[in-house]
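Written out below as structure tokens is the structure these notes cover.
Sequence lines set the chain letters: A, B, ... in the order given, protein chains first and strands last, and positions in each chain run from 1.
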2 protein chains.
Amino acid sequence: MAKNPTGKGSSSRREGSGRAISESTTERLSIYLRCLTQLERAGVETISSKEMAQRFQLNSALIRKDLTYFGEFGMRGVGYNVPELRSHIVQILGLDRELRVAIIGAGNLGQALADYRGFNSEGCRIVVLFDVAPEKVGTQSRGGVPVRHVDMLEQTLRDEKVNIVALAVPSGQGQALLERAAAAGVRAVLNFVPDRLRPPEGVFIRNVDLKIQLEGLAFQLARVQ
Amino acid sequence: MAKNPTGKGSSSRREGSGRAISESTTERLSIYLRCLTQLERAGVETISSKEMAQRFQLNSALIRKDLTYFGEFGMRGVGYNVPELRSHIVQILGLDRELRVAIIGAGNLGQALADYRGFNSEGCRIVVLFDVAPEKVGTQSRGGVPVRHVDMLEQTLRDEKVNIVALAVPSGQGQALLERAAAAGVRAVLNFVPDRLRPPEGVFIRNVDLKIQLEGLAFQLARVQ
DNA sequence: TACTGTGAAATCTTTCACAGCA
DNA sequence: TGCTGTGAAAGATTTCACAGTA
């Protein structure tokens, strides 16, 4: 029973009506989207699963399987129409509506994330930072994202119609803020806090744990010799 | 044949002599280590796999399996000795020697990473940042990490005995820098560049792709309703 | 008794291989 | 011919269940 023990890597999630889609598949959809965006810019009209597979060192059957979970987008003998497939994936990933993101914690990491390009593109917007430090509240990040006091969390999340919260606070402070955000209606959280958080009912959490990644590399180095 | 198609999530790697250990197992070892560190500080002497499992919503058999890949550390009827198990894991993860980390790219993200607490602890030290911008070269991060010119990359990596490189440069510039670092003897890379890099022979890469995480959340939001 | 260590089963993911269609 | 879509096989990971032991 391969469920999702670590909350990372291969895992599945069941939804109301649809079938369960693994996290690996979702991840690859994002990768395909990038590829298709580049191809579309370059004016390429069609691409085969084999060609895409070569770019990413993937198996072409896997790409076809990933895509057929959502429909039959290809043309036998030809491949996939690039702009068409791209727009399908944009829709599948829910990037056709605006994602409004708030970051809790305006430390080094929070500020860097606020101004991170990858976050401010493709229908995604960082609208506000939160912190408790009086000298930060009222200021803006270099990129112009305003910093509000955490006391204003619930109200601001609602007023700004925030969909996704990124947690970038010190260890130990994540769970309480997660619960406050959830109570204010947020249902998706990107967690940078190096603690294991318990997701409130109906809330999705993705963990980005930099130390675990670093230790994973240390492990590989230690093993090889 | 579940190999490692995305370079993230569940994957295995074979080493010279030992058996293949999955990336999931490695990730969990880091999690156990944190837990044990806390327990040791709190003066707890022993812990059972069941107790640990409850803390992380994991299955206790999985924890036991993870640990027995590396030895028989437990005592039947009792559990595991906390300080002893902790020191075993430190050794397994290779955290008993110093990890010297360099970050290429002193933009928002690179600077934030340089001063990130999680990176500067437990035998891990950020020793240098690299950039090409003349106004950055010669300065220091807030935390005091010096910024050198990328022209000095190879020499500095060797002089500073860097084990691990973090890539935090704009899209398109990752592959060339990866290859230069590899040629200078670096064998482990933490990649923040949103491109798929091709690892040179013998080089381990871990990808941290923030946009993919965000899009994964967008997907979940789009699905539920 | 209470726990570890582990073979076997269950589950999930990826790859193979090919039918079927443009 | 060349590609997609897909059933079946292969492989990997997780869980179950229990023998064995301190």
Just how far, in rounded Å, is [atom2] of [N] from [atom1] of [X]?
X: Asn81(B); N: dT4(C); atom1: CG; atom2: P; value: 13 Å
X: Glu27(A); N: dT13(C); atom1: CD; atom2: C1'; value: 14 Å
X: Glu84(A); N: dT4(D); atom1: CD; atom2: C1'; value: 14 Å

statement: By nearest-nucleotide position on DNA chain D, the 5'-leaning member of Ala61(B) and Ala61(A) is Ala61(A)
- prompt: Under a 4.0 Å heavy-atom cut-off, which of residues 38-50 of chain B touch DNA chain C?
  reply: Ser48(B), Ser49(B)
Once side chain to side chain donor-acceptor pair (under 3.5 Å) is applied, do any residues pair with [X], and if so which ones, sequence neighbours excluded?
X: Glu154(B); result: Arg180(B)
X: Gln54(B); result: none
X: Lys65(A); result: none
X: Thr46(A); result: none

message: So, under a plain 3.5 Å distance rule, would you say the side chain of Arg76(B) forms a donor-acceptor pair with the base of dT21(D)?
response: no
field: Selection: residues 64-73 of chain A, any non-hydrogen atom under 4.0 Å of DNA chain D
entry: Arg64(A), Lys65(A), Thr68(A), Glu72(A), Phe73(A)
- line: By nearest-nucleotide position on DNA chain C, the 5'-leaning member of Val78(A) and Val78(B) is Val78(B)
field: side chain to side chain contact (heavy atoms under 4.5 Å, CB included) partners for Gln38(B), two or more places apart
entry: none
message: Pro170(B): which residues meet the side chain to side chain contact (heavy atoms under 4.5 Å, CB included) condition with it, sequence neighbours left out?
response: Gln173(B)
query: In terms of heavy-atom contacts, does CD of Glu98(B) have more than 12 from other residues, nucleotides or ligands at under 6.0 Å?
result: yes
- request: Check ring pair (Phe, Tyr, Trp, His ring centres under 6.0 Å) between Phe73(A) and all other residues, then give those that pass, not counting sequence neighbours.
  value: His88(A)
